[in-house]
Amino acid sequence: MTVRDLHTHSTASDGSLAPEALVDAAAEAGVAQLALTDHDTLDGLDAARRAARGRLTLIPGVEISVTWNKHLLHVVGLNVNPESASLANGLAGLRTQRRIRAVEIGARLARHGIPGAEAGARHLAGGGLPGRTHFARWLVAEGQAKHFQAAFKRWLGQGRPAYVATRWAGLECACEWITQAGGIPVLAHPARYRLTRTRMAALLNEFREAGGGALEVVRAGADPAEVRHLAGLAVGWDLAGSVGSDFHEPGRAWQRLGRLAKLPSQVRPVWHHLGSASPDSSNT
Ligand code: AMP
Ligand code: MN
Ligand code: MN
Ligand code: MN
């Protein structure tokens with residue numbers, strides 16, 4: 001059976017493993033097809049592709065931050081061409097937003113008596129662009145939050161004192177950048193958005209119309225009822241299904257590379273649309 005993981009992060013965004021180390025860990029976990037999908041950047045793809053050679057199939061990907069009717073959504077692009085100008089330009093704009101946001105998060109924390117957060121988070125990001133994950137890790141390291149989740153609950157989550165509302169990409173733009181780069185737009189972790197049935201239906205209609213191709217039906221640690229529900233949505237909207245752990249770091253027991261439930265058989269697998277990328281297509 002081919003082990004796949006089509007949603008993972010590296011140090012190019014908020015993962016803790018460098019792209020090479022991520023590929024090592026994935027190969028060790030038996031993953032045969034791996035997508036690197038960092039937040040709003042393609043920076044890790046070159047290194048990951050080099051490390052993957054002869055060991056596993058690397059699907060070049062990205063996870064785009066989207067604002068849709070005041071909801072923050074994530075759209076994963078699978079099999080994107082890193083040379084695409086329209087994708088690169090779109091992502092560059094989002095990274096500018098991220099840079100501005102990081103400074104503002106730092107300013108808000110400083111106003112609440114916690115100075116130095118932006119520099120601290122930037123340091124944890126290896127000099128790269130700090131995201132909320134880096135701020136959360138810094139807050140924990142500084143003793144300002146008991147643990148990672150608590151940092152979001154107290155400071156960084158929506159509506160909390162250091163939450164900065166940001167206008168990310170439009171849904172249509174994000175899908176367009178991906179399809180123009182030859183990739184497939186995948187709506188990431190749909191259950192995390194806590195949408196009513198009506199709102200979810202509206203989202204799926206718009207996503208389809210924008211060129212959306214798949215739903216992430218299986219995520220790490222999802223309960224079977226959620227997987228069944230999302231499988232039904234995928235079939236109902238004629239979308240393919242994807243599977244991804246959203247791996248960020250080795251310490252998270254519930255989020256291991258390639259440790260995923262099977263995609264329900266009624267759902268068309270998104271990897272059937274990823275070309276002859278799989279080194280072993282004998283199963284599923
Ligand atoms: P950003 O894209 O910088 O706003 O950060 C979003 C990332 O932070 C997500 O991809 C998760 O990795 C993490 N994250 C967001 N919300 C939470 C939360 N409530 N608890 C834990 N991690 C979160
Ligand atoms: Mn993340
Ligand atoms: Mn996400
Ligand atoms: Mn992710």
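These numbers come from the heavy atoms of this one structure, side chains and all, not from hydrogens, waters or symmetry mates. Everything numeric here is computed off the predicted structure, so don't read it as measured data.
In this structure, the side chain of His112 engages the main chain of Arg108 through a donor-acceptor pair within 3.5 Å. Ser13 places no side-chain N or O within 3.5 Å of a backbone atom of Thr11 that could act as its donor or acceptor partner. Between the side chain of Arg122 and the backbone N or O of Ala102 there is no donor-acceptor pair closer than 3.5 Å. For the pair Thr67 (side chain) and Lys70 (backbone), a donor-acceptor distance under 3.5 Å is absent. With hydrogens and angles ignored, the 3.5 Å screen pairs no side-chain donor or acceptor of Asn81 with any backbone N or O of Gly182. With hydrogens and angles ignored, the 3.5 Å screen pairs no side-chain donor or acceptor of Arg219 with any backbone N or O of Asp246. Not one N or O on the side chain of Gln97 forms a donor-acceptor pair closer than 3.5 Å with the backbone of Trp168.
Under a cutoff of 6.0 Å and an axis angle of 45°, Arg132 and Tyr163 do not form a cation-pi pair.
Between Glu142 and Ile114, the closest side-chain pair of non-hydrogen atoms is not below 4.5 Å. The shortest distance between side-chain heavy atoms of Leu274 and Gln33 falls below 4.5 Å. Taking the side chain as every heavy atom from C-beta outward, Leu203 and Leu187 approach each other to under 4.5 Å. At least one side-chain heavy atom of Ser65 sits less than 4.5 Å from a side-chain heavy atom of His74. Between Leu215 and Leu204, some side-chain heavy-atom pair lies under the 4.5 Å cut-off. Using a 4.5 Å heavy-atom cutoff, the side chains of Leu17 and Ser10 are not in contact. Side-chain contact between Glu104 and Glu118 is absent, with no heavy atoms from C-beta onward closer than 4.5 Å. The shortest side-chain heavy-atom distance between Val80 and Leu42 falls under the 4.5 Å cut-off.
A side-chain N or O of His273 and one of Arg268 form a donor-acceptor pair less than 3.5 Å apart. Inspection of the Trp68 and Glu206 side chains reveals an N or O donor paired with an N or O acceptor under 3.5 Å. Side chain to side chain, His189 and Glu216 fail the donor-acceptor criterion of an N or O pair below 3.5 Å.
Counting non-hydrogen atoms of other residues, nucleotides and ligands closer than 6.0 Å to CZ of Arg252 gives a total above 12. Atom CD of Glu209 sits in a sparse spot, with 12 or fewer heavy atoms from other residues, nucleotides or ligands closer than 6.0 Å. With a 6.0 Å radius and a threshold of 12 heavy atoms from other residues, nucleotides or ligands, His71 has its NE2 atom above the threshold. At most 12 heavy atoms of other shown residues, nucleotides or ligands fall within 6.0 angstrom of atom CD in Glu28. The 12-atom threshold is exceeded at CD of Gln255, counting heavy atoms of other residues, nucleotides or ligands nearer than 6.0 Å.
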Discussion item. side-chain hydrogen bond (donor to acceptor under 3.5 Å, both in side chains) for Gln180 and Ser86? Distances and angles first, verdict last.
Written reply: CA-CA 7 Å; Gln180 283 174 0; Ser86 91; 2.6 Å; yes

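To the nearest 0.5 Å, the span separating CG on Asn89 from CG on Leu91 amounts to 9.0 Å. Between Leu263 atom CG and Arg4 atom CZ the span is 9.5 Å, to the nearest 0.5 Å. For the atom pair CZ of Arg160 and CG of Leu156, the computed distance is 10.5 Å after rounding to the nearest 0.5 Å. With values rounded to the nearest 0.5 angstrom, Asp24 atom CG is found 11.0 Å from Leu257 atom CG. Remark: Leu22 CG to Leu34 CG distance equals 5.5 Å, nearest 0.5 Å. Taken to the nearest 0.5 Å, the OG atom of Ser84 stands 11.0 Å off from the CH2 atom of Trp177.
Checked for salt-bridge contact, Arg98 and Asp40 meet the test: a charged N lies under 4.0 Å from a carboxylate O. A salt bridge does not link Asp223 with Arg228: none of the charged nitrogens is closer than 4.0 Å to a carboxylate oxygen. Checked for salt-bridge contact, Arg137 and Asp14 miss the test: no charged N lies under 4.0 Å from a carboxylate O.
Minimum interatomic distance between Ser16 and Pro250 (heavy atoms only, all atoms of both residues): OG-CD, 3.4 Å.
Aromatic ring pairs are classed by plane angle as parallel below 30°, tilted from 30° to 60° and perpendicular above 60°; the pair His39 and His9 is parallel.
Each of Val76, Val186, Ile64 was evaluated against Thr37; a single residue qualifies, Val76, per the side-chain contact (heavy atoms from CB on, under 4.5 Å) test.
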